[in-house]
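Below is one structure; the comments refer to it alone.
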Amino acid sequence: MKKVLILPGDNIGPEIVTEAVKVLHRVDNKFNLGIELDYAHLGGAGLDAQGSPCPQETLDKARQSDAILLGAVGGPQWDHVERHLRPEQGLLTIRSELDLFGNLRPAIMYPQLAHASSLKPEFVSGLDILIVRELVGGIYFGEPRGIRTLEDGQREGYNTYKYSESEIRRIGKVAFEAAMVRNKRLCSVDKSNVLEATVLWREIISDMASDYPEVELSHMYVDNAAMQLVKQPKQFDVLVTGNMFGDILSDTAAMLTGSIGMLPSASLEKNGRGMYEPCHGSAPDIAGQGVANPLATILSLAMMLRYSLSAPDAANAIEQAVSAVLDQGLRTADILTQGTKQVGTVEMGDAVVAAL
Ligand code: NAD
């Protein structure tokens, strides 16, 4: 019996998660996985139902599950609430409470979608890169932080960027091991020409390379990495970087593939338990219209089956089914191109189930 906790979240979250759950039921039956589902609130849904963007009940259920599937959280409905009650805070809380430090964000260019990218097809066709982002440290969590009033009366905002040696080593291990099962090239991204925290980052990652002699390690400053990602993205295999740089670079990589609606992600703790979610947000602008692309969530489910539920056959089957549906020419609005057929969220989910 494998316990999966479903966190639909806000806005398009419940719409896309419903489709992924249909797919999960299908592979559960087909591969006899013995999945047991439970549901809880996160984000604005948690705040509205239980007074917290990350209710205690959600954390308790999360700790008892083998894996978590999340839709997305946030939206203008909660713009007015205090910062510590904001939906996004719920996401940060669950990530840090479960110590989900290793964020894997693949950017894969399906050949069927090469024309949906803003880059010329020859630059992105066949693209397959993996960004490994540290998720629970760095400047997003560093203390002290805040906005203070200076002696001259003006206010100053401040944050702290720090990484300990052990934090760097554990994300480095995830990245080197990912590179080992891919094309054995790892690029570590830092800003060691300016930030001391990343001088240490570079030193530790370089030190770890001797444990992985087959992996070709390189280093790149983040500004250059941003440039190279749009100039010649296929030069990369695995990139590893800290929380803030990873946040920005993974969104850039996302757009190379044509749609953020296609990109899954995994956030892992040290024993392989994980939370799986699409890279995109809760898309309040299209919520309730039935047009959101559920494929990033469905592909997140495939990552869950591979990384946390030891069901690689089911994971492969889902990825093949997604590819088959694209081959059939079915597209949600975000990936629609000339000559393809527009479908809504539910039709897309049904098509994946049918292909399975
Ligand atoms: P967003 O990713 O929600 O939307 C950006 C654009 O992409 C929008 O035009 C949206 O319609 C489109 N889009 C996103 N997902 C799509 C999908 N599946 N299918 C089709 N189109 C899709 O980013 P945003 O607008 O900056 O943020 C909206 C809310 O989501 C904010 O409250 C933000 O804080 C939150 N957010 C949450 C997460 C998360 O839950 N992990 C991540 C990012 C943003």
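Counting starts at 1 for both ligands and their atoms, in listed order. On a predicted model such as this, the values are computed, not experimentally measured, just so you know. Atoms considered below: every heavy atom in the structure, side chains included; atoms not considered: hydrogens, waters and symmetry mates.
Looking only at heavy atoms of the protein, atom 35 (C) of ligand 1 is closest to V73 O, 3.1 Å. Of the protein's heavy atoms, N293 N, 2.9 Å lies nearest to atom 19 (N) of ligand 1. The closest protein non-hydrogen atom to atom 7 (O) of ligand 1 is I260 CG2, 4.0 Å. Of the protein's heavy atoms, E88 OE2, 3.7 Å lies nearest to atom 31 (C) of ligand 1. The closest protein non-hydrogen atom to atom 9 (O) of ligand 1 is D285 OD2, 2.9 Å. Ranking protein heavy atoms by distance to atom 1 (P) of ligand 1, first place goes to G281 N, 3.5 Å. Closest protein heavy atom to atom 29 (C) of ligand 1: S282 OG, 3.4 Å. Considering only non-hydrogen protein atoms, atom 21 (N) of ligand 1 sits nearest to I286 CD1, 3.6 Å.
Between the side chains of Q320 and N316, no donor-acceptor pair of N or O atoms lies under 3.5 Å. N293 and T332 share a side-chain donor-acceptor pair at under 3.5 Å. Side chain to side chain, S192 and R202 meet the donor-acceptor criterion of an N or O pair below 3.5 Å.
Note: no N/O pair closer than 3.5 Å links I12 and ligand 1 by distance alone.
If you number the atoms of ligand 1 from 1 as listed, the ones under 4.0 Å from a heavy atom of A292 come out as 19 (N). Counting the atoms of ligand 1 from 1 in the order shown, those under 4.0 Å from a heavy atom of G74 are 32 (O). Below 4.0 Å from some heavy atom of E277 lie the following atoms of ligand 1, by number and element: 41 (N). Residue contact check: A72 has heavy atoms under 4.0 Å from atoms 40 (O) of ligand 1. The atoms of ligand 1 that sit less than 4.0 Å from any heavy atom of G75 are 32 (O).
Sorted by first then second residue, the side-chain hydrogen bond (donor to acceptor under 3.5 Å, both in side chains) pairs that include residues 341-356, not counting sequence neighbours, are K22-D350.
The side-chain heavy atoms of E82 and Q89, taken from C-beta on, include no pair separated by under 4.5 Å. Contact annotation: the side chain of V4 never approaches that of Y276 to less than 4.5 Å [non-hydrogen atoms, C-beta and beyond]. Within the 4.5 Å cutoff, side-chain heavy atoms of L229 are placed close to those of I129.
Remark: E216 engages R185 in a side-chain contact (heavy atoms from CB on, under 4.5 Å) (not counting sequence neighbours).
Ring planes of Y212 and F176: parallel class, angle under 30° (limits at 30 and 60°).
Between K162 and E167, no side-chain nitrogen of the basic residue sits less than 4.0 Å from a carboxylate oxygen of the acidic one, so the salt-bridge criterion is not met.
Heavy atoms of P278 found under 4.0 angstrom from ligand 1: none, in either backbone or side chain. The proximity of L91 to ligand 1, defined as any non-hydrogen pair under 4.0 Å, is limited to the side chain.
Counting only non-hydrogen atoms, the option in M275, H280, Q289, E15 that gets closest to atom 15 (N) of ligand 1 is H280.
Within 4.0 Å of atom 5 (C) of ligand 1, not a single protein heavy atom is present. Within a 4.0 Å radius of atom 26 (O) of ligand 1, the protein has no heavy atom.
Closest heavy-atom contact between W78 and A45: CZ2-N, 4.2 Å.
One distance of note links CD1 of I318 with CG of L295; it measures 11.5 Å at 0.5 Å rounding.
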